[in-house]
Q: 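Can you read through this structure? Questions will come right after.
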Amino acid sequence: MEKKQLDWSNLGFGYIQTEARFVSNYRDGAWDDGAIVTDANITLNECAGVFQYAQTIFEGLKAYTTEDGHIVCFRPDLNASRMADSARRLEMPAFPEERFVDAVVQVVKENAAYVPPFGSGATLYIRPYMMGTNPVIGVKPADEYMFRIFVTPVGPYFKGGAKPLTIKVSDFDRAAPNGTGHIKAGLNYAMSLHAIVRAHEEGYAENMYLDPQTRTKVEETGGANFIFITKDGGLVTPKSNSILPSITRRSLVYVAKHYLGMEVEEREVYLDEVKDFAECGLCGTAAVISPVGKIVDHGEEICLPSGMDEMGPATKKLYDTLTGIQMGKLEAPEGWIRTIL
Ligand code: PLP
Ligand code: COI
């Protein structure tokens with residue numbers, strides 16, 4: 001297989017159309033067999049559920065080239081089960097979890113020429129998504145759905161790669177109490193667009209959202225969970241039922257405990273105590289671990305002791321261990337790596 005001639009090391013986090021994608025349709029109460037297709041465009045009725053009432057969910061995971069030249073992806077079974085949870089919350093039929101993983105494998109195989117080479121700093125981002133497709137005008141779930149997966153080669157989510165970010169505490173909420181913050185619904189991201197545009201205009205890379213009920217506790221950003229490092233070198237990560245259960249965060253908790261022997265606390269984190277941490281990072285599939293150097297709360301600056309030049313030492317250890325596992329340099333826990341080619 002001949003790789004595409006792309007400038008792998010300088011890719012941003014953008015969409016590059018590739019040749020193959022997976023499609024399966026749900027009609028009369030059942031998913032069809034699905035197929036790999038070449039057409040990147042979708043034609044739908046003007047009244048489709050996705051257009052009228054935003055009945056759409058998605059996932060995000062990555063494929064990597066390992067040091068010894070294999071193509072692998074990371075814990076796709078967890079994306080499959082999280083997507084099934086998202087589907088149930090929006091009254092959509094879940095795409096069967098084993099078929100989800102199989103479809104990921106098929107799409108990556110078909111697009112192997114787009115999987116960035118080992119060491120390039122780029123990866124293949126995989127985007128499964130599902131939407132209501134038949135006309136609905138009364139507010140109710142659709143009867144018919146389309147599940148698709150496309151892939152696109154990507155570089156770092158934040159410009160500047162591993163440089164610490166400056167973020168702001170947002171006055172907007174991302175999720176409602178008892179709402180949909182814990183699932184990956186398109187509507188959560190639509191909610192965040194106004195806030196992220198404002199933050200970018202003001203020169204911030206992201207928003208720190210607070211808990212929607214009391215606005216005193218740290219939730220997450222628009223596209224990543226938080227990790228904090230204590231001055232004693234422990235890992236603290238916010239626990240809340242209105243944040244997305246990040247697969248990266250759950251993996252880091254394991255890595256911190258079992259590979260690095262760190263103390264780990266998953267608990268409520270108050271904004272007031274953030275000034276006492278030594279390091280802060282954003283974690284997610286797209287973000288990997290992006291260090292945060294400064295958090296601005298209505299003009300008051302919280303400067304992390306790790307500074308604005310580079311990732312703090314504990315964050316770097318977590319980053320190296322997690323990416324080492326993903327890229328096949330370190331032995332992975334059982335079941336974490338799915339070899340594709
Ligand atoms: N939080 C939000 C709101 C996200 O969109 C994402 C990205 O998927 C994450 C957290 C990180 O989740 P994961 O590590 O599973 O990619
Ligand atoms: C991911 O990390 O996969 C996400 O979906 C986050 C998104 C903001 C790109």
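The chain is numbered in sequence order, starting from 1. For ligands, and for the atoms within them, numbers begin at 1 and follow the listed sequence. Hydrogens, waters and symmetry mates are skipped; everything else that's a heavy atom, side chains included, is used.
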Q: Check Ala224 against ligand 1 and report side chain, backbone, both or neither, counting heavy atoms closer than 4.0 Å.
A: backbone

Q: Among all protein non-hydrogen atoms, which one is nearest to atom 8 (C) of ligand 2, and what is the separation to 0.1 Å?
A: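 Minimum-distance protein heavy atom for atom 8 (C) of ligand 2 reads Tyr157 OH, 3.3 Å.
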
Q: What atoms in ligand 1 come closer than 4.0 Å to a heavy atom of Gly284?
A: 11 (C), 14 (O), 16 (O)

Q: Quick one: does Arg250 get a heavy atom under 4.0 Å from ligand 1?
A: no

Q: Donor-acceptor pair, Tyr53 side chain versus Val50 backbone, under 3.5 Å?
A: no

Q: Is Thr315 reaching over with its side chain to a backbone N or O of Met311, donor-acceptor style, under 3.5 angstrom?
A: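 Flag not set: sc Thr315 to bb Met311 has no pair under 3.5 Å.
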
Q: So for Glu59, does at least one of its heavy atoms come nearer than 4.0 angstrom to any atom of ligand 2?
A: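 Outside the 4.0 Å threshold, so no.
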
Q: May I ask you to check if ligand 1 and Thr221 share an N or O to N or O distance below 3.5 Å?
A: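 The answer is no, given that Thr221 and ligand 1 share no N or O pair closer than 3.5 Å.
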
Q: Counting each atom of ligand 1 from 1 as listed, which ones have a heavy atom of Arg82 under 4.0 Å away?
A: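 Numbered from 1, ligand 1 contributes 12 (O), 13 (P), 15 (O).
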
Q: Begin from the C-alpha positions of Val269 and Glu273 and carry the test side chain to side chain contact (heavy atoms under 4.5 Å, CB included) through to its verdict.
A: CA-CA 7 Å; Val269 174; Glu273 60 176 309; 4.0 Å; yes

Q: Closer than 4.0 angstrom: is that true for some heavy atom of Gly222 and an atom of ligand 1?
A: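 Yes, that is the case, since the closest heavy atom of the residue is under 4.0 Å from the ligand.
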
Q: Out of Val288, Leu282, Ile247, whose heavy atom is nearest to atom 13 (P) of ligand 1?
A: Ile247

Q: Using a strict cut-off of 4.0 Å, indicate which atoms of ligand 1 neighbour a heavy atom of Tyr189.
A: 2 (C), 3 (C), 4 (C), 5 (O)

Q: Using a 4.0 Å cut-off to any heavy atom of Lys184, which atoms of ligand 1 qualify?
A: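 Answer, ordered by atom number: 4 (C), 5 (O), 6 (C), 7 (C), 8 (O).
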
Q: May I ask you to check whether Tyr125 and Phe13 place their ring centers less than 6.0 Å from one another?
A: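 Between Phe13 and Tyr125, which both carry aromatic rings, the centre distance is below 6.0 Å.
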
Q: Does the separation of the ring centres of Trp336 and Tyr254 fall below 6.0 angstrom?
A: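 When the ring centroids of Trp336 and Tyr254 are compared, they turn out to be within the sub-6.0 Å range.
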
Q: Keeping Asp211 on the side-chain end and Thr216 on the backbone end, is there a donor-acceptor pair under 3.5 Å?
A: yes

Q: Whether Glu266 and Arg249 form a salt bridge (side-chain N of Lys/Arg under 4.0 Å from carboxylate O of Asp/Glu) is what I want to check.
A: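 Salt bridge present between Arg249 and Glu266.
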
Q: What's the shortest distance from atom 16 (O) of ligand 1 to any protein heavy atom, and which residue and atom give it?
A: Thr285 OG1, 2.5 Å

Q: For ligand 2, is there an N or O atom under 3.5 Å from any N or O atom of Lys184?
A: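 Such a contact does occur with ligand 2.
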
Q: Pick from Glu219, Glu206, Glu220: which one makes a salt bridge (charged side-chain N to carboxylate O under 4.0 Å, His left out) with Arg174?
A: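 Only one of Glu219, Glu206, Glu220 forms a salt bridge (charged side-chain N to carboxylate O under 4.0 Å, His left out) with Arg174, namely Glu220.
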
Q: Has the side chain of Arg21 got a donor or acceptor atom that lies under 3.5 Å from a matching backbone atom of Thr18?
A: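 Yes; at least one donor-acceptor contact below 3.5 Å.
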
Q: Does Asp32 reach the main-chain N or O of Asn25 with its side chain, forming a donor-acceptor pair under 3.5 Å?
A: yes

Q: What protein heavy atom sits nearest atom 9 (C) of ligand 1, and how far off is it?
A: Gly223 O, 3.6 Å

Q: Give the numbers and elements of all ligand 2 atoms closer than 4.0 Å to a heavy atom of Arg127.
A: 5 (O)

Q: Tell me, which protein residue and heavy-atom name are nearest atom 2 (O) of ligand 2, and how many Å apart are they?
A: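 For atom 2 (O) of ligand 2, the nearest protein heavy atom is Ala286 N, 2.8 Å.
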
Q: Cationic tip of Arg99 within the cone over Phe147's six-membered ring, i.e. under 6.0 Å and within 45° of the normal?
A: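 No.
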
Q: Is Arg174 close enough to touch ligand 1? Criterion: a residue heavy atom under 4.0 Å from a ligand atom.
A: yes

Q: Is there a donor in the side chain of Asp85 and an acceptor in the side chain of His182, or the other way round, less than 3.5 Å apart?
A: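 Side-chain D/A pair, Asp85 to His182: absent.
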
Q: Hydrophobic cluster membership, with links at side-chain heavy-atom distances under 4.5 Å among I/L/V/M/F/W/Y: are Leu244 and Ile289 in one?
A: no

Q: Classify the contact between Leu244 and ligand 1 as side chain, backbone, both or neither, using a heavy-atom distance cut-off of under 4.0 Å.
A: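 Answer for Leu244: side chain.
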
Q: Near Asn225, which atoms of ligand 1 are under 4.0 Å from a heavy atom of that residue?
A: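 What qualifies from ligand 1 is 1 (N), 10 (C).
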
Q: Name the one of Val296, Val218, Asp297, Asn207 that satisfies side chain to side chain contact (heavy atoms under 4.5 Å, CB included) with Val169?
A: Asp297

Q: Compare Arg249, Glu220, Arg75 and give the one whose heavy atom is closest to atom 2 (C) of ligand 1.
A: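 Considering heavy atoms of Arg249, Glu220, Arg75, the nearest to atom 2 (C) of ligand 1 sits in Glu220.
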
Q: Say whether Leu61, considering both its backbone and side-chain N or O atoms, lies within less than 3.5 Å of an N or O atom on ligand 2.
A: no

Q: Hey, which atoms in ligand 2 end up nearer than 4.0 Å to a heavy atom of Gly223?
A: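 Per the distance check, 6 (C), 8 (C).
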
Q: Which protein non-hydrogen atom lies closest to atom 1 (C) of ligand 2, naming both residue and atom, and how far is it?
A: Tyr125 OH, 3.3 Å

Q: Tell me whether ligand 2 is touched by Phe58 - counting only heavy atoms on the residue side and a distance under 4.0 Å.
A: yes

